[in-house]
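One structure is given here, and the rest of the page talks about it.
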Amino acid sequence: MSQAMEMYMKPLARILTGLVLATAAAGLGSYGWADGVGGSGIVASFRSVVIDGVHYQTDNAIIRLNGRQALESDLKVGYHVRYRADGDTLEAWSMDYYDTLAGTLEAVTVVDEDMQILELEVLGQRVRTDAVTWIHGADIDSLAAGMPVAISAEWLPDGILLASAVDVTARPEQVLSGRIDSVEGDRLSIGGVTIDASSAGSAPNGEALKVGEWVHALGEYDGSPQSPGALTATRLVRQADGDVSDLPGTIQGVLSNDAGIWKIRDHALLLDEALSAGLVAGRRVTVTGALRPSGEFQVSELRMEGDERFRVDGAIEAVHGDGTAITVGGVTVQLDERTTLRDDRDGYRWLSPDTLGTHDAVSLVVERIDGVLRARKVRRDAELRQILRAIIEEFRWWDVPKLLQQRQAGVFGAREAFYNGEAIATWKLRFRMKAGDRMTLRYDDDGEVVRAEVFADDYDDDGDREDDREDDDEREDEE
């Protein structure tokens, strides 16, 4: 089919599919396909749409954003979507995305620029980004209070939201999605924010909302950074899963525990005592099993993810196999279906491993799982400067420190040196740092180390000791 013909046929196919779905919904009250599968996951790339390593064809899919008809181009990597698809062909029937938060950015605090860790405030909620959060429409240093943002995130056990995507874009409505904390008549609360549902009704589909239920509230928020407010809802949408068979799959996310029930995002985990032993709320895990139509996930295998994340920027020196691994700065990392890839040079083009080549300048977020280095995130950009950030694995004062895969770091030739945020003579690093400390090396265009930064293993990147941070936390709790 020609590109011109395809341009006209895709919208027509969507319209026809929409008529079929509307007819089916009107006659049956649900889609009712016997061979359907359904689930949710984070968009990793676009070759139609790839979720959790599975490639779904979306040519005829109904795509909705915050409940309204949308295009595939409206979805972004990092969005947490729910989908319905044919169980055999993986032809998607529908993909639905709701923002977790959509509103005005009230405050921005940069915690760690290199690892893209920010603290944001939106609709009175605290939002944290990390090294694998995708930021669309802005750079980390250009995010500022007053910008409109749409955020896809998961609720952490401490009530903070961890973002998988931050999109600088204006929505026609402000959005707050999450579990209901309380319900009193037409007023409910999510994350401590009052939702006035008198215009939307507190009984979507004729059934009253209950505490613990997951809903999307859309409307107008009247709060400010100085005065937390309420959201006057024009629409309330409950999360629903039905008329689909169990879907084998894998889910990644942060563990939370709600009254003894382990959860990832809005999925309750069904697991036996052996798998639940030793679980810790707040830790990132990968679970394998089957997603039930109710939205519960029957777990057959659970793996606790490591906390170690590193950054490697530089030119690709070698591509191994069919793109399953690359070497950057002497460090070889694996790529798999969970790796997200993006090209920042020409309008956020999404890549696949086979489009990477030697000499490409890339920025990698690397994590160690079961002793193997895997790239969680790959960004290709010709303007990148070489950076290596990792934990010192081995060091003796008379030798050079060794980092990832025993790479020898040329730290003692650096032009500038810092230890726990304090500028010191480079030669003094030899007598202060030790194995377990975190090191960041910044290079010039000739590959020479311009700046070496080392933080002791009991310090954070603001130069605070762990015991000092604990004291600060205790004082905040008392206040």
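As the structure is a prediction and not an experimental result, all values here were calculated from the model.
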Does a salt bridge link [X] with [Y], judged by any charged N lying under 4.0 Å from a carboxylate O?
X: Arg68; Y: Glu173; answer: yes
X: Asp258; Y: Lys263; answer: yes
X: Glu393; Y: Arg368; answer: yes
X: Arg430; Y: Asp399; answer: no
X: Arg379; Y: Asp313; answer: no
X: Arg451; Y: Glu453; answer: yes

Do the side-chain N and O atoms of [X] and [Y] include a donor-acceptor pair separated by under 3.5 angstrom?
X: Ser189; Y: Ser182; value: yes
X: His320; Y: Thr327; value: yes
X: Tyr79; Y: Asp167; value: yes
X: Asp139; Y: Ser142; value: no
X: Thr129; Y: Gln116; value: no

Review point. Is Lys428 atom NZ crowded by more than 12 heavy atoms from other residues, nucleotides or ligands, each under 6.0 Å away?
Key: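 Not buried by this count: 12 neighbours or fewer within 6.0 Å.
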Review point. When rounded to the nearest 0.5 angstrom, what distance separates CD1 in Ile190 from CD in Gln125?
Key: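 Those atoms lie 9.0 Å apart.
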Review point. Going by the angle between their ring planes, with limits at 30° and 60°, are Phe412 and Phe395 parallel, tilted or perpendicular?
Key: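 Aromatic pair Phe412/Phe395 classed tilted.
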Practice item. Give the ring-plane orientation class for Trp427 versus Phe431, where under 30° counts as parallel, over 60° as perpendicular and anything between as tilted. Key: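 Trp427 and Phe431: perpendicular rings.
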